[in-house]
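Worksheet: one structure, shown below.
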Amino acid sequence: MTDIPKAYEPGQVEQKWYSFWMEQGHFIPKIDHRRKPFVIIMPPPNVTGELHLGHALTATLEDIMVRWHRMRGEPTLWLPGVDHAGIATQVVVEQKLAEEGLDRHKLGREKFIERVWEWVKKARHSITYQHQRLGASCDWTRERFTLDDGPCRAVRTAFVRLYNKGLIYRGERIINWCPRCQTALSDLEVQHKDVTGNLYYLRYPLADGDGYVTVATTRPETYLGDTAVAVNPEDKRFKGLVGKKAVLPVIGRVIPIITDSAVDTSFGTGAVKITPGHDPVDFEISERQSLAIVNILNPDATMNEEAGPYAGLDRFACRQKVLADFEKAGLLEKIEPHSHSVGHCERCQTMIEPEVSKQWFVKVAPLAEAAIEAVTDGRIVIIPERFTRVYLNWMENIRDWCISRQLWWGHRIPVWYCRKCSELTVSVDEPSSCSHCGSDDIIQDPDVLDTWFSSALWTHSTLGWPEATDDLAYFYPTSVMETGYDILFFWVARMIMMGLEDTGDIPFHIVYLHGLIRDEKGEKMSKVRGNVLSPTDAIEEYGTDALRFAVTTGTSPGNDINLGQHRLEAGRNFANKLWNAARFVCQSLDAEPTKGQALTEVAVLARLKGVDLWQALAKLVAAQAEPIEDRWILSRLNRLASNVTELMSNFQFGEAERQIHDFFWGEFCDWYIEIAKIRLSQPNSSPLPVLSLALETTLRLLHPFMPFITEELWQNLRRRLPNGSLASDSIMIAPYPVANGRAFDPEAERVMESVIEIIRSIRNARAEHKVAVAKWIEARIYTDKLQSAIASKSAVIETLAKARPLAVLSREQREAKEEKALVMVLKEADVVLPWAGMIDLAAEKQRLEGEINTVQNEIDRLEQRLKDAAFVSKAPAAVVEKERSKLQSYKDKVLRLEQELAQFS
RNA sequence: GGGCGAUUAGCUCAGCGGUUAGAGCGCCUGUCUUACACACAGGAGGUCAGUGGUUCAAGUCCACUAUCGCCCACCA
């Protein structure tokens, strides 16, 4: 009868439709200058390897937005890309080399770069493949890599422009040095961790041979770089010492004892050793006081020749040796345990050395000003809002950005040094000679740029900047920047600065920040913990749509997501539910002898009038009094479409998805389909048009979230509908459902709610009293207001509650002294089950009393409220009216309950 | 040292000032009812962390407290 399998098998379906979409070119926007485009530039994943769940979340959220806007008819661009990820990639390839017993120095720069490119080629392929598995509807024809020619030119152009404006400079400053990576790092790339160490009290003998000064330090080995001892000018304890000299033990350097107000009198002894070469605070003091700077370390953090007898020792070995020597000389006063935070390299976890070094910096403060303004004046909105303050806080306290890296993998700094006149040539294109003296003896700066420098240009470099391309003119500024809150500073903040600087316009209107994905216990996923879940594995086991459902349903912006297999199972189960509901509708369409006849009629009508098929059908249904469940489900569907549009517009995707899920499962499947089954066996009044309509509309509502299964089911349905019923050849370009205010049908909702309540009450009573599932029981329903409406649904109640004969009567028809029966008093009706013999009278009495009690409490509460003049006058009239009618219905209910209770006395 | 977030059912979380607070999973009872056992029907389970305030109305807004988590910071 049907070729549709019983369970959804995602694997077969996904590949088919992704290829179809690609072939049809549906991912590529058509530039239309009359329409405003919707644009997202994808945060480029690092080429370091496989995608993780964070990427899956990014791709899903962006795909949801992009598909939604595309279905709304906006020219939609989602531009994908990959980041060369300078240091991260270099570290990964170095590890590979280490496995072969090689290192980059053995290979040399050229060969090493070749090896990285080999890696990049493989990794890019895998990243693209994984995005496609995720269903990402991005425009692959516009894909970019940060080292492509275009972005490279953008990087050099931006650099030269900033340099010419004096916003990029080269200088000797204290920076973070990673001894393992052997490069400078920006402040952001340093992770601070609390370390329990010691505070060592060291005695420096005074030069005049009279006593000593004691300083406290966590890093005794740095005494080799000391060039002063400082005390607070207000500190009376050291009055006699200021101006004297101290002698550094072993190496014998004589250093002055000075005053500086930065010294905290309450810490340690109040006297501080000043090591300008290896401490940021000390460096600042040295600038104020014009102190000498001594660098005591080699790039690999062994001691250099400045360390005298300690030269060649590793920094930690040196510390032990220094301590032993001080101890021996009686100069180690005491050791106290001390906890403080120490910087570590983000990539390799090696302890960072603060070090004075000649590097390139961006002077950020002038750029930050414009970036602050763009957010405070509302041109850029950050979601969730609370990150606005985090952003502003960071921007307001921003420090210059060290952008040079002593790495090989990345954008080479576009600066050439002249060996003849020592001047710099800063140029976008490779110069052949020095721009100052014309000598051709020039050499390019060996360093590369921080990988985030090219990322900062990503929104405009991908669209063609610095060229004035059509793409740049049409798609920039982009609509939404969607990414994790963990790279707000690294990336988002810098894009805003550089976007404004380079183009004079904001790079995007909205920043949407998502949370981090953790495991089911809320712990960070990491290889060390072994709790990493790969998106590809999840897709293999549960399907892409299930994964997408799992990472987005019931989540909210900026909040972390705990993802375990239970969420994935829920997604898979929902997909299977969709599958089977659609299977049912398709089977019914196939089985109906007058296949799709009703639909055809409507379709013809619709075409004649030039309106949408579903609109015509909905109108037709609304005009009919019966069957009321058709009006009901269409009313509910409209309400859903209205809510979803509102939620999507407010970036509440998780909630939108949840509502679609609840409608589909809890109303369409649980009630509408079950009722439709009854009508299918009857000759007239086919439910097929409305079944098809409701299913098709829900599939479109859901498509942005679960693209594969919705396309598959939509196509299955489409094949069974009259030609031309659906305007497009793919759900992904079908129009997104728009709510029609006229389809709201409060009357139909009220009747169906009552019918459902009646059925539930009977099922409940059956279960409570352990009536066998197969047994038919007798039931009577007494109602005044809805008698005819409910009577018209008696077949539905009979079948779904297994109650026959069923009588639907007015309350007047109820005999005063009915036999003892089980009575359920509902909102609009009383349901009577005449089971005299099997009822525990005492228990029934108690149940009724309990119910009266509950309702009476509500009545008291409402009466209290309505008596309150403030409430009646200040609350909106609709709210007051709602409370009044609620009170009335409770009063009515309690009256009926009391009548029932009277039977027992 | 500064800042942010979380605290709602056994677990994981929605709920964005207006019904008697919801979902998934788990649990209990029953059912292989011709779309689906990845399911169906029924059920149990919550002083919305605490205190105070604003409001006609507070899980929702404000303040403080507690616990947990995160971010930032030049804690020698």
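Here is the naming used below: chain letters follow the sequence lines, and residue numbers restart at 1 for every chain.
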Open item on the list: Please give the stem ranges for RNA chain B, sorted by first residue number, where a stem is three or more consecutive Watson-Crick or G-U pairs and both donor-acceptor distances are under 3.5 Å.
Closed with: B:1-7 with B:66-72, B:10-13 with B:22-25, B:27-31 with B:39-43, B:49-53 with B:61-65
Task: Whichever of D560(A) and N764(A) has its nearest RNA chain B nucleotide further upstream toward 5' - done: D560(A)
Open item on the list: Is the ring pair Y204(A)/F326(A) parallel, tilted or perpendicular, if the boundaries are 30 and 60 degrees?
Closed with: tilted
- [ ] Could you check whether P354(A) gets within reach of a base, just the sugar-phosphate, or nothing at all, counting any heavy atom under 4.0 Å?
- [x] nothing
Open item on the list: Any base atoms under 4.0 Å from T222(A), or only sugar-phosphate, or nothing? Heavy atoms, all strands.
Closed with: nothing
TODO: With heavy atoms under 4.0 Å as the rule, sort A581(A) into base, sugar-phosphate or nothing.
DONE: base
Open item on the list: Give me the distance, rounded to whole Å, that separates G69(B) from C74(B) when you measure between the C1' atoms they each carry.
Closed with: 26 Å
Task: Side-chain H-bond candidate by donor/acceptor type, N176(A) with E189(A), under 3.5 Å - done: no
Open item on the list: Once you measure the plane-to-plane angle for F267(A) and H338(A), does it fall in the parallel (<30°), tilted (30-60°) or perpendicular (>60°) bin?
Closed with: perpendicular
Open item on the list: Test your reading of the model: is there a side-chain donor-acceptor pair from R766(A) to the backbone of A772(A), 3.5 Å cut-off?
Closed with: yes
Open item on the list: Let's go through D670(A) and W665(A) carefully: what are the C-alpha distance in whole Å and the side-chain angles of both, what is the deciding distance for side chain to side chain contact (heavy atoms under 4.5 Å, CB included) to 0.1 Å, and is it a yes or a no?
Closed with: CA-CA 6 Å; D670(A) 288 351; W665(A) 201 313; 3.8 Å; yes
- [ ] Indicate the ring-plane relationship of F651(A) and F653(A), choosing parallel, tilted or perpendicular according to the 30° and 60° boundaries.
- [x] perpendicular
TODO: Please find the earliest and latest nucleotides of RNA chain B, in the 5' to 3' direction, that have an atom within less than 4.0 Å of any heavy atom of chain A.
DONE: G3(B) to A76(B)
